[in-house]
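Working notes, structure below.
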Amino acid sequence: MSVAFGIYVGCSSCCIAVNKDGKFEVVANAAGDRVTPAVVAFHETEVVTGLAAKQGMIRHGANTIQNVLRVVGTSEDESQGQPSNASSSGGMCRPNWEGGQARFSVQRGEKTVQVTADEVITHLFTLLKEIAMAHTSEPELPVVISVPAWSSESTVAVVKKAAKKASFTVLATVSQPAAAVLAYGLADDNKQNGLAVVLHCGGTTVVASVVEIAGGLLTLKESNTSSSVAGDSLTNVLVQHFAKDFYTKYKGDPLENRRSRRKLYSAAENCKHVLSTMNTAQVYVESLWEGVDFSTTLSRARFDGLAAGTMAAFVQLAREVVQRCGLTEAQINKVILTGGSAKIPRLQQLVGDAFPKADLLCSLPPDEALAAGASTEAALLLGQQTQTSVDSSLVPALATSVFCMVLGSESNECVFSRGTPTHSRQTLSLPLSSPVPTSCAVVIYEAEELMEEPPEEAVLAQVDVTNLTPDSKFLRLDFHLKSDGSLHVVLQESQAKINRTFIIESGRS
C-alpha cells in the first residue's frame, strides 16, 4: 500500500491526513475545511455531521451532540467533574447512563430514540472515511489514530471499534504527545536525545506533557490535564465582554435565553479565530436580542488583555508538568504547540517566554499537527520511507493584503493581511452611507496598504448592489480563502433580502 492515513479525533474537532510517498498532507472535507467539528445532529430522517451539524445548533440544539469523546467508554462515576460549557452547550443533548454505557435521548419525528455514545463517534469516523475515499483508490484504508493523552483503555477500545465499523483498517493508536513529536520529525535522528514539552490547547481541555526523546524512542514521562481552562474558556471571556457591551448600549441581556446565547457564542468563537491571524475583528450578530442587531470591533491587543489570566493558566500547566518531572524550564529542548487555541500569537509568545532555551515549534497549523503525526506513524508501520523536509512545515500564504470597500461611503477595511495562511475565514459588516442609497458598489482589491482609490489593476472584483431600502444599515460579507488560493465571498443584506455568492479565482495575490 502506498497511502497511509492519520486521524486525530478530539472532543471539539477531528482531522485526517494522508501520507503518500513519504510526505504528509492534511485532507480537506467537502466544504474545503481541513479541520472538521466533532458534532453530530440527529434530524427526523437523516444524521448530519461536522460543520453542517454545528451550524444548525441554534435550531436543533436538543438533538445535537458534541464532546462525545468525553463520555465514550466511561461509566457515570468516571464522568463526574467533566467540563460543561454553559455558553456553548446550553440546550445541547446531554448524556445519561444505562447499563454502564453513555446514551443520548434524541427526538426523531414523533419518536424519542436512545443513541449510544459509540454510535455517535462511529458517525464521525464515517464522515472521515468519506473524506479519505476521495484521496485513494485502494480498497483498504490503513490508519493510525491519535487520541488524547487522558484517554482510558476503554475509550481507546471504543474509538478503534468505531473506526473499524467505518471501514478503516486500524494499525495502531498513538497518544497526542507522541503524534506531535512525530509530526515535527524529532524521532527521526536516533542519535539525538532531548526533552520536549507538548502543550495541547484544545476546546474543552488543555494537556501538558513531557516527552523524552532518546535514540529515536519516545517516552512519555508525565502528563497533566486541565478541564477548568481551555479554548472554550477563551471564547467565554469574549462572550461575557460582548454581553456587557450589549447591555451598556441597549440595556438588554443576550445571555438570558439559549438562542441569543448560542448566537453570541458563535460570534465570539469566530472572533477568536480571526484574531489569531488579524489585528482586528468585526463582530456582527443579526437580531441578537429582541430583534436588536449587535455590531462591534475588537482589537487583538484588547483580546490579549481580556484573556491574559486564562492564557497564563495554560502556561502554568506546562510549568507544573515540568516541575512534576523534577526538571527545570532550562532543561527543555523543544516545545510543541497543538490544538486550535495554540494559533493565538500572544499565547505562543507567553509559552516561548516561559521556556527561553527551548525551540518553539508551531510552524505546522496546530489543529492539524496531530493528524499529520499519526499519518507519519502509519507510514512507518507500513514500512514506507518518510521524509521530513522544510517544505512540509510551510503553509501557503497571501503575498499581498486584501481589502474591501463600499464606494461612496467611509467603509474600507482590511480583509486579509499579507502573510495570512490560505484556508482562512473573515467576516466584515460594512456600514452604508447615510442617507442609504438605492444602490452601491463593493470593491475588493489587493494592495500593500489601505487605498481610497485603488488602481484598476489592483481590483480583484467589483460587485454592484441594487434595491437597497432606507432600513438597510450594513452589508455583511463572509470571506473564505481556500487552500487552492481562490476567494469565496458571500454578500448579504437582511432588509433588502440580498444574498449573493461569487468567487475570485486564485492567481492574483
Side-chain angles (χ1 to χ4, degrees), residues 3-20 23-39 49-55 66 124-136 141 143-146 166 168 176 179-180 182-184 200-203 231 269-270 272-274 276-278 336-344 361-379 391-398 416 419-426 478-488 503 506:
V3 175
F5 291 94
I7 287 176
Y8 166 68
V9 57
C11 292
S12 304
S13 63
C14 49
C15 182
I16 183 168
V18 60
N19 198 304
K20 189 175 182 179
K23 294 184 178 181
F24 59 73
E25 176 188 357
V26 177
V27 181
N29 58 28
D33 298 323
R34 298 195 290 186
V35 178
T36 301
V39 182
T49 52
L51 181 62
K54 185 175 182 178
Q55 291 175 333
Q66 57 181 346
L124 290 175
F125 275 104
T126 300
L127 174 63
L128 293 171
K129 180 200 72 173
E130 294 171 358
I131 298 172
M133 290 294 289
H135 289 264
T136 181
L141 301 173
V143 66
V144 167
I145 304 170
S146 173
F168 284 106
Q176 285 175 345
L182 289 166
Y184 283 95
H200 179 72
C201 308
E269 192 173 42
N270 182 62
K272 181 181 70 173
H273 291 309
V274 170
S276 296
T277 56
M278 306 286 290
I336 305 174
L337 294 179
T338 64
S341 295
K343 296 178 180 179
I344 299 173
L361 303 179
C362 55
S363 56
L364 293 173
D367 49 357
E368 302 173 11
L370 297 178
S375 73
T376 300
E377 177 70 3
D391 291 340
S392 67
S393 62
L394 294 179
V395 180
L398 286 180
F416 297 113
T420 297
T422 57
H423 204 69
S424 299
R425 294 178 183 271
Q426 171 67 296
D478 295 311
F479 297 88
H480 185 182
L481 178 62
K482 296 210 169 185
S483 54
D484 63 1
S486 63
L487 182 59
H488 293 235
I503 299 174
S506 59

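Position 1 is the first residue of the sequence, and the numbers go up from there. Source: prediction; values computed, not measured.
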Return the minimal non-hydrogen interatomic distance between [X] and [Y], and the atom names on each side.
{"X": "Lys54", "Y": "Val39", "answer": "N-CG1, 4.0 Å"}
{"X": "Ala179", "Y": "Ala374", "answer": "CB-N, 4.2 Å"}
{"X": "Ala342", "Y": "Cys201", "answer": "N-CB, 3.9 Å"}
{"X": "Ser12", "Y": "Gly203", "answer": "OG-CA, 3.4 Å"}
{"X": "Ala38", "Y": "Gly10", "answer": "CB-O, 3.9 Å"}
{"X": "Gly231", "Y": "Lys272", "answer": "O-NZ, 3.1 Å"}

Taking only residues two or more places apart in sequence or in another chain, which ones pass side-chain hydrogen bond (donor to acceptor under 3.5 Å, both in side chains) with Thr49?
->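 Per chain and number, Thr49 pairs via side-chain hydrogen bond (donor to acceptor under 3.5 Å, both in side chains) with no residue.
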
Applying side-chain hydrogen bond (donor to acceptor under 3.5 Å, both in side chains), name anything that partners Ser341, two or more places apart in sequence or on another chain.
->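 With neighbours one apart ignored, the set is empty.
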
Report yes if the side chains of [X] and [Y] come closer than 4.5 Å at any heavy-atom pair, otherwise no.
{"X": "Tyr184", "Y": "Ser363", "answer": "yes"}
{"X": "Cys15", "Y": "Leu370", "answer": "no"}
{"X": "Phe24", "Y": "Leu182", "answer": "no"}
{"X": "Ile145", "Y": "Phe168", "answer": "no"}

Excluding sequence neighbours, so at least two apart, what forms salt bridge (Lys or Arg N to Asp or Glu O under 4.0 Å) with Lys129?
->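 Checked Lys129 against salt bridge (Lys or Arg N to Asp or Glu O under 4.0 Å); zero matches.
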
When rounded to the nearest 0.5 angstrom, what distance separates [atom1] in [X] from [atom2] in [Y]?
{"X": "Ile7", "Y": "Ser375", "atom1": "CD1", "atom2": "OG", "value": "10.5 Å"}
{"X": "Glu25", "Y": "Glu368", "atom1": "CD", "atom2": "CD", "value": "10.0 Å"}
{"X": "Cys14", "Y": "Leu127", "atom1": "SG", "atom2": "CG", "value": "6.5 Å"}
{"X": "Tyr8", "Y": "Ser13", "atom1": "OH", "atom2": "OG", "value": "6.0 Å"}
{"X": "Ile16", "Y": "Leu141", "atom1": "CD1", "atom2": "CG", "value": "7.5 Å"}
{"X": "Thr376", "Y": "Lys23", "atom1": "OG1", "atom2": "NZ", "value": "13.0 Å"}

CA sep, side-chain torsions, deciding dist, call: Thr36, Ile131, side chain to side chain contact (heavy atoms under 4.5 Å, CB included) | CA-CA 10 Å; Thr36 301; Ile131 298 172; 4.1 Å; yes

Please walk me through it: do Phe5 and Thr136 pass side chain to side chain contact (heavy atoms under 4.5 Å, CB included)?
-> CA-CA 10 Å; Phe5 291 94; Thr136 181; 3.9 Å; yes

Return the orientation label for the His480 and His488 ring planes: parallel under 30°, perpendicular over 60°, tilted otherwise.
->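 Answer is tilted, since the angle falls between 30° and 60°.
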
Within the side chain of Lys343, is there an N or O that forms a donor-acceptor pair under 3.5 Å with the backbone of Asp367?
->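 Here the side-chain-to-backbone pair does not exist.
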
